[in-house]
Amino acid sequence: MNMVRQVIVFDAADLRAESAFWAGILGGHVFEDDDWHSVIDAAGEWRIGVQLAPNHVPPDWPHGTPQQVHLDLHVDDPRAAHEEAISLGARLLQPVPDLDAAEGHRVYADPAGHPFCIGWGHPSRETIAAFLADHLGRRSLPQRRTR
């Protein structure tokens with residue numbers, strides 16, 4: 001299989017709120033159709049689709065309606081990422097660990113209620129490449145194509 005792109009698709013009753021939130025998180029833009037919005041990230045890559053689901057029932061993580069999708073966003077500055085996510089309409093679901101911890105992640109919900117994590121201090125691309133080289137005999141991870 002030759003993968004051209006990977007797009008995560010969220011259901012939402014309010015397309016505009018959901019797509020604007022993810023465009024803000026990714027520093028990108030929204031392209032709107034009547035019942036579908038495409039979120040393009042800051043590098044110009046199509047990352048997220050939002051489809052109209054008028055009867056969408058938000059997940060109630062962790063003990064209610066199960067999550068339907070989950071994203072992990074890895075950042076260098078967890079405090080700035082937290083503040084930006086909250087200002088864009090995220091709700092904090094799990095407020096630990098402290099943002100000053102060397103490593104961790106916090107769980108949030110986007111405007112439609114989808115849980116996602118903001119993590120920090122996790123292995124770098126170089127550390128992962130070294131791990132793969134040691135365990136799989138690979139020299140490096142494939143480089144991302146730029147346009």
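The analysis underlying the following values was restricted to heavy atoms, covering all of them including side chains, and did not include hydrogens, waters or symmetry mates.
- Not a single donor-acceptor pair under 3.5 Å links the side chain of Q51 to the backbone N or O of D11.
- Y108 and H82 have tilted rings, their planes meeting at an angle from 30° to 60° on a 0 to 90° scale.
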TODO: Dump the intermediate steps for ring-ring contact (aromatic ring centres under 6.0 Å, His included) on F21 and F116, then the final yes or no.
DONE: CA-CA 12 Å; F21 173 82; F116 68 97; 5.7 Å; yes
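- For the residue pair A20 and V30, the shortest heavy atom distance occurs at N-CG2, 4.1 Å.
- Annotation: side chain of E18 is not in contact with side chain of H37 (no heavy-atom distance under 4.5 Å).
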TODO: Take H114 and H56 through the ring-ring contact (aromatic ring centres under 6.0 Å, His included) test and state the conclusion after the steps.
DONE: CA-CA 11 Å; H114 301 287; H56 172 70; 5.1 Å; yes
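- The minimum heavy-atom distance between A112 and P59, with the atom names listed, is O-CD, 4.4 Å.
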Open item on the list: I'd like to know whether V39 forms a side chain to side chain contact (heavy atoms under 4.5 Å, CB included) with W46, so could you lay out the CA-CA distance, the side-chain angles of the two residues, the decisive distance to 0.1 Å, and finally the verdict.
Closed with: CA-CA 6 Å; V39 178; W46 178 20; 5.7 Å; no
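- Between atom CG of residue D77 and atom CD of residue E84 there is a gap of 10.5 Å, rounded to the nearest 0.5 Å.
- Contact check for P97 versus W120: side-chain heavy atoms found under the 4.5 Å cut-off.
- In this structure, the side chain of R106 engages the main chain of P95 through a donor-acceptor pair within 3.5 Å.
- Closest heavy-atom contact between A85 and I118: CB-CD1, 4.0 Å.
- More than 12 heavy-atom neighbours from other residues, nucleotides or ligands sit within 6.0 angstrom of CG on D33.
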Task: Residue pair D100, R79: steps toward the salt bridge (charged side-chain N to carboxylate O under 4.0 Å, His left out) verdict - done: CA-CA 8 Å; D100 295 321; R79 188 167 308 283; 2.8 Å; yes
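- Put simply, the side chain of I8 reaches to within 4.5 Å of the side chain of F10, judged on heavy atoms.
- Here the shortest heavy-atom pairing between L88 and P111 reads O-CG, 4.5 Å.
- More than 12 heavy atoms of other residues, nucleotides or ligands lie within 6.0 Å of CG in D98, so this atom counts as buried by the packing criterion.
- You'll find the side chain of R47 stays beyond 4.5 Å of the side chain of I40, heavy atoms only.
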- [ ] Apply side chain to side chain contact (heavy atoms under 4.5 Å, CB included) to the pair I48 and V9, showing each step before the final yes or no.
- [x] CA-CA 6 Å; I48 294 177; V9 178; over 6 Å; no
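- Cluster membership for L99 and I86, using ILVMFWY side-chain heavy atoms within less than 4.5 angstrom, is shared.
- Closest approach of V50 to A12, counting heavy atoms only: CG1-CB, 3.9 Å.
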TODO: Kindly determine whether D110 and W22 satisfy side chain to side chain donor-acceptor pair (under 3.5 Å), including the steps that lead there.
DONE: CA-CA 8 Å; D110 71 14; W22 287 110; 3.0 Å; yes
